[in-house]
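Below is one structure, written out as structure tokens; the observations come after it.
Worth knowing before you read on, the calculation uses all heavy atoms, side chains too, and leaves out hydrogens, waters and symmetry mates. Because the structure is a prediction, the values reported are computed rather than measured.
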Amino acid sequence: MRLNFSMSHCIYIRHGIELVSRTVFRCGPVLPTEGPKITGGQTEYQIGDQVSVNCTSAKSKPASTLRWYINDKLAGAEYETEYSTTLHSDGLETSSLELRFVVTTRHLQDGNMRLRCTATISQVYTMSNEERVSGGRQQTSGLHISENMSRDS
């Protein structure tokens, strides 16, 4: 049996394989090993300040789709700048998405603001990272992982 490998990490069989073979070939996403990273934030924001933060996914295939949330509400497209996907030498990809906006009273809830970035791969796997700006201190709440894996019967 001879195999060809595609850039999508799937295995294709070029020449015959015995039907009694016990090898199972499965093609699927290469999931990230960690959640998205948030960089560029300040420890404190006041009304009128410019927020400019970046979210970068871990390597995966296909590339993760990134989304920004401000206080658990999806950020508007006018606040986001999507950068080109980076292709690494191992065939995996990373995504980057910038969030930029001016802080208003609606962003500060009791003096606090929460920024969250999620990385999703084809509605199967979601990872997120969150930063809270609270009383002049920036806190990372840690990684949140949600898997919606469907099983074949």
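One hydrophobic cluster, built from ILVMFWY side chains closer than 4.5 Å, holds both Val53 and Phe101. Residues Tyr83 and Leu92 do not share a hydrophobic cluster, clusters being chains of Ile/Leu/Val/Met/Phe/Trp/Tyr side chains in contact below 4.5 Å.
The shortest heavy-atom contact between Val102 and Gln50 is CG2-OE1, 3.6 Å. Pairing each heavy atom of Glu98 with each of Trp68, the nearest pair is C-NE1, 3.8 Å. Closest approach of Leu66 to Ala119, counting heavy atoms only: CD2-CB, 3.6 Å. Contact record, Leu99 with Ala75: CD1-CB, 3.8 Å, taken as the closest heavy-atom pair. Among all heavy-atom pairs drawn from Pro36 and Cys117, the shortest one is CG-O, 3.6 Å. Nearest heavy-atom pair, Asp72 versus Arg116, reported as atom, atom and distance to 0.1 Å: OD1-NH2, 3.4 Å.
Note that the NZ atom of Lys61 and the NE2 atom of His88 stand 11.0 Å from one another [nearest 0.5 Å]. How far CG of Leu97 is from SG of Cys55: 6.5 Å, rounded to the nearest 0.5 Å. One finds the NZ atom of Lys73 at 8.0 Å from the CZ atom of Arg106 (value rounded to the nearest 0.5 Å).
Using cut-offs of 30° and 60° for the angle between ring planes, the His107 and Tyr79 rings count as perpendicular.
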**Request:** Decide side-chain contact (heavy atoms from CB on, under 4.5 Å) for Arg114 and Ile70; before the verdict, give the C-alpha distance in whole Å, the side-chain angles of both, and the deciding distance to 0.1 Å.
**Result:** CA-CA 6 Å; Arg114 191 166 59 225; Ile70 305 169; over 6 Å; no
**Prompt:** Yes or no on side-chain contact (heavy atoms from CB on, under 4.5 Å) for Leu74 and Arg67, after CA distance, side-chain angles and deciding distance?
**Reply:** CA-CA 7 Å; Leu74 187 62; Arg67 298 281 185 256; 4.1 Å; yes
**Request:** Quick one: do Ile38 and Leu115 satisfy side-chain contact (heavy atoms from CB on, under 4.5 Å)? Show the steps, please.
**Result:** CA-CA 9 Å; Ile38 298 173; Leu115 305 177; 5.6 Å; no
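A donor and an acceptor atom, one from each side chain of Glu44 and Gln42, are nowhere located under 3.5 Å apart.
Using a 4.5 Å cut-off on side-chain heavy atoms (C-beta onward), Thr94 and Thr85 make no contact. The closest side-chain heavy-atom distance from Val103 to Leu108 is below 4.5 Å.
With Ser57 contributing its side chain and Ser95 its backbone, the two residues share a donor-acceptor pair below 3.5 Å.
With respect to the salt-bridge test (charged N to carboxylate O, under 4.0 angstrom), the residues Lys59 and Glu93 do not qualify.
Shown are Thr39, Thr56, Thr81; of these, the side-chain contact (heavy atoms from CB on, under 4.5 Å) with Ser96 is made only by Thr56.
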